[in-house]
Colleague: 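Below is a structure I'd like to ask you about.
Just so it is clear, the values below take in all heavy atoms, side chains as well, and ignore hydrogens, waters and symmetry mates. We count ligands from 1, going down the list as the structure has it; atoms in each ligand are counted the same way.
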Amino acid sequence: MSDTIEEMPVLYSYWRSSCSWRVRIALNLKEIPYDIKAVSLIKGGGEQHCNEYREVNPMEQVPSLVIDGHTLIESLSIMNYLEETRPQRPLMPQDCYKRAKVREICEIISSAIQPLQNLIVLIYVGEEKKKEWAQHWIMRGFRAVEKLLSSCAGKYCVGDEITLADCCLVPQVFNARRFHVDLRPFPIILRIDRELENLPAFRAAHPSAQPDCPPEVAK
Ligand SMILES: O=C(O)/C=C\C(=O)CC(=O)CC(=O)O
């Protein structure tokens with residue numbers, strides 16, 4: 001019997017956080033079992049700001065992943081760690097140009113779109129302006145993503161294999177709908193979202209399937 005006890009990875013996650021969701025998809029695709037520790041971004045002004053969680057994640061955000069005896073933060077960095085340490089079910093193409101395309105899409109979503117709809121940003125922008133603000137930045141980013149997809153998409157974002165770009169796309173489409181963005185100008189994004197949404201790894205990662213999803217939303 002082995003004397004090393006493999007600890008189950010722990011994902012600090014919030015059901016509706018698109019960044020937590022990306023990592024949940026990647027973990028599911030790679031069939032890595034994990035426990036979830038829910039961090040409510042709203043309860044009591046946000047559990048992510050408490051002293052205990054700040055020790056886990058100095059950015060006071062989700063997700064964080066405890067794995068292999070390490071604590072990792074920042075969703076793309078976490079997904080890259082998973083890709084490098086768990087080669088099963090690769091989420092990056094072999095081809096360097098295709099890898100660049102995957103990174104472009106991930107980066108547009110993770111740095112030019114999503115951070116602008118983070119709760120802290122929306123609170124700063126204010127209740128009155130937040131919907132228009134979110135729509136503006138999502139549409140700006142989606143115009144670029146749609147253009148890239150017109151030359152690199154196959155069945156999925158880059159070719160016919162699921163990549164990290166797909167892990168980023170699906171939660172961002174959900175957020176776009178949440179902010180009532182008109183998605184008709186983005187037919188390729190919509191088609192790929194439809195391809196992906198019913199795959200088991202994506203379904204299991206969906207906010208409505210999370211342990212901390214409010215029952216009235218989970219249905
Ligand atoms: O309203 C809430 O329930 C609080 C926070 C979130 O959903 C998270 C975000 O809106 C940002 C994001 O992950 O894209």
Side-chain angles (χ1 to χ4, degrees), residues 11-28 34 36-50 53-54 56-65 72-79 105-145 157 164-181 183 186 189-190 192-193 196-197 202-219:
L11 181 69
Y12 290 85
S13 163
Y14 175 66
W15 64 287
R16 193 151 62 165
S17 142
S18 62
C19 306
S20 305
W21 185 353
R22 290 172 196 157
V23 175
R24 296 195 298 259
I25 298 169
L27 286 163
N28 294 349
Y34 59 99
I36 284 196
K37 269 198 191 163
V39 178
S40 170
L41 301 187
I42 49 176
K43 200 158 81 191
E47 293 174 342
Q48 73 278 26
H49 303 304
C50 76
Y53 188 69
R54 199 179 303 117
V56 175
N57 186 328
M59 281 300 285
E60 304 175 28
Q61 292 174 336
V62 283
S64 307
L65 182 69
L72 306 176
I73 67 168
E74 294 295 326
S75 60
L76 284 191
S77 176
I78 293 171
M79 293 194 293
I105 293 167
C106 288
E107 229 170 285
I108 292 171
I109 293 171
S110 72
S111 48
I113 305 180
Q114 192 284 329
L116 292 157
Q117 309 130 59
N118 249 336
L119 195 56
I120 39 170
V121 174
L122 294 182
I123 290 170
Y124 192 83
V125 168
E127 196 58 42
E128 205 181 306
K129 215 168 174 261
K130 76 175 188 188
K131 183 174 163 193
E132 183 210 319
W133 165 275
Q135 288 181 342
H136 174 80
W137 296 110
I138 293 169
M139 286 193 295
R140 183 177 186 275
F142 269 11
R143 279 195 288 273
V145 171
C157 284
L164 294 180
D166 299 294
C167 301
C168 290
L169 186 74
V170 167
Q172 189 56 60
V173 172
F174 176 93
N175 270 6
R177 292 199 173 103
R178 192 175 158 193
F179 290 106
H180 305 283
V181 171
L183 290 171
F186 312 111
I189 291 176
L190 283 175
I192 295 169
D193 182 62
L196 294 162
E197 67 180 353
F202 285 76
R203 284 182 82 99
H206 193 275
S208 64
Q210 300 313 300
D212 55 332
C213 178
E216 66 275 16
V217 182
K219 281 185 278 212

Colleague: As an exercise, identify every atom of ligand 1 less than 4.0 angstrom from a heavy atom of Gln117.
Modeller: 10 (O), 11 (C)
Colleague: Can you tell me how far apart NE2 (His49) and CZ (Arg54) are? Round to the nearest 0.5 Å.
Modeller: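 It comes to 9.0 Å.
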Colleague: Show me which atoms of ligand 1 lie under 4.0 Å from any heavy atom of Leu41.
Modeller: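 The atoms of ligand 1 under 4.0 Å from a heavy atom of Leu41 are 5 (C).
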Colleague: Among all protein non-hydrogen atoms, which one is nearest to atom 10 (O) of ligand 1, and what is the separation to 0.1 Å?
Modeller: Arg178 NH1, 3.3 Å
Colleague: Look up atom CG in Leu27 and atom CZ in Arg22, then write down how far apart they are to the nearest 0.5 Å.
Modeller: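 Those atoms lie 14.0 Å apart.
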Colleague: What do we get for Tyr14 next to ligand 1 when only non-hydrogen atoms under 4.0 Å count, side chain, backbone, both or neither?
Modeller: side chain
Colleague: In terms of atom number and element, which parts of ligand 1 are under 4.0 angstrom from non-hydrogen atoms of Asn175?
Modeller: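 Near Asn175, the atoms of ligand 1 are 12 (C), 14 (O).
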Colleague: Should Asn57 and Gln61 be marked as a side chain to side chain donor-acceptor pair (under 3.5 Å) after you check the CA-CA gap, both sets of side-chain angles, and the distance that decides it?
Modeller: CA-CA 7 Å; Asn57 186 328; Gln61 292 174 336; 5.9 Å; no
Colleague: Does any N or O of ligand 1 fall below 3.5 Å from an N or O anywhere on Trp15, backbone included?
Modeller: no
Colleague: So, do His206 and Trp15 have ring centers that fall under 6.0 Å from each other?
Modeller: no
Colleague: Please confirm whether Gln172 comes under 4.0 Å of ligand 1, counting heavy atoms of the residue only.
Modeller: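 The answer is no, since Gln172 has no heavy atom less than 4.0 Å from ligand 1.
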Colleague: On a heavy-atom basis, which atom in Asp212 and which in Tyr14 lie closest, and how many Å separate them?
Modeller: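 Looking at all heavy atoms of both residues, the shortest contact is OD2-CA, 3.5 Å.
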Colleague: Does Phe186 form a side chain to side chain contact (heavy atoms under 4.5 Å, CB included) with Arg143? I'd like the steps, not just the answer.
Modeller: CA-CA 7 Å; Phe186 312 111; Arg143 279 195 288 273; 3.8 Å; yes
Colleague: Would you compute the distance between atom CD of Gln117 and atom CD of Gln135 and round it to the nearest 0.5 angstrom?
Modeller: 10.5 Å
Colleague: So which bit of Gln61 gets within less than 4.0 Å of ligand 1, heavy atoms only: side chain, backbone, both or neither?
Modeller: neither
Colleague: State plainly whether the residues Asp193 and Arg177 are in salt-bridge range, i.e. N to O under 4.0 Å.
Modeller: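 Yes, charged N to carboxylate O under 4.0 Å.
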Colleague: What protein heavy atom lies closest to atom 12 (C) of ligand 1? Include the residue and the distance to one decimal.
Modeller: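 Here the nearest protein heavy atom works out to Gln114 NE2, 3.1 Å.
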Colleague: Give me the residue, atom name and distance of the protein heavy atom closest to atom 13 (O) of ligand 1.
Modeller: Ser18 N, 2.7 Å
Colleague: Run the numbers for me: atoms of ligand 1, each under 4.0 Å from some heavy atom of Asn118, listed by number.
Modeller: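 Selected atoms, number and element: 11 (C).
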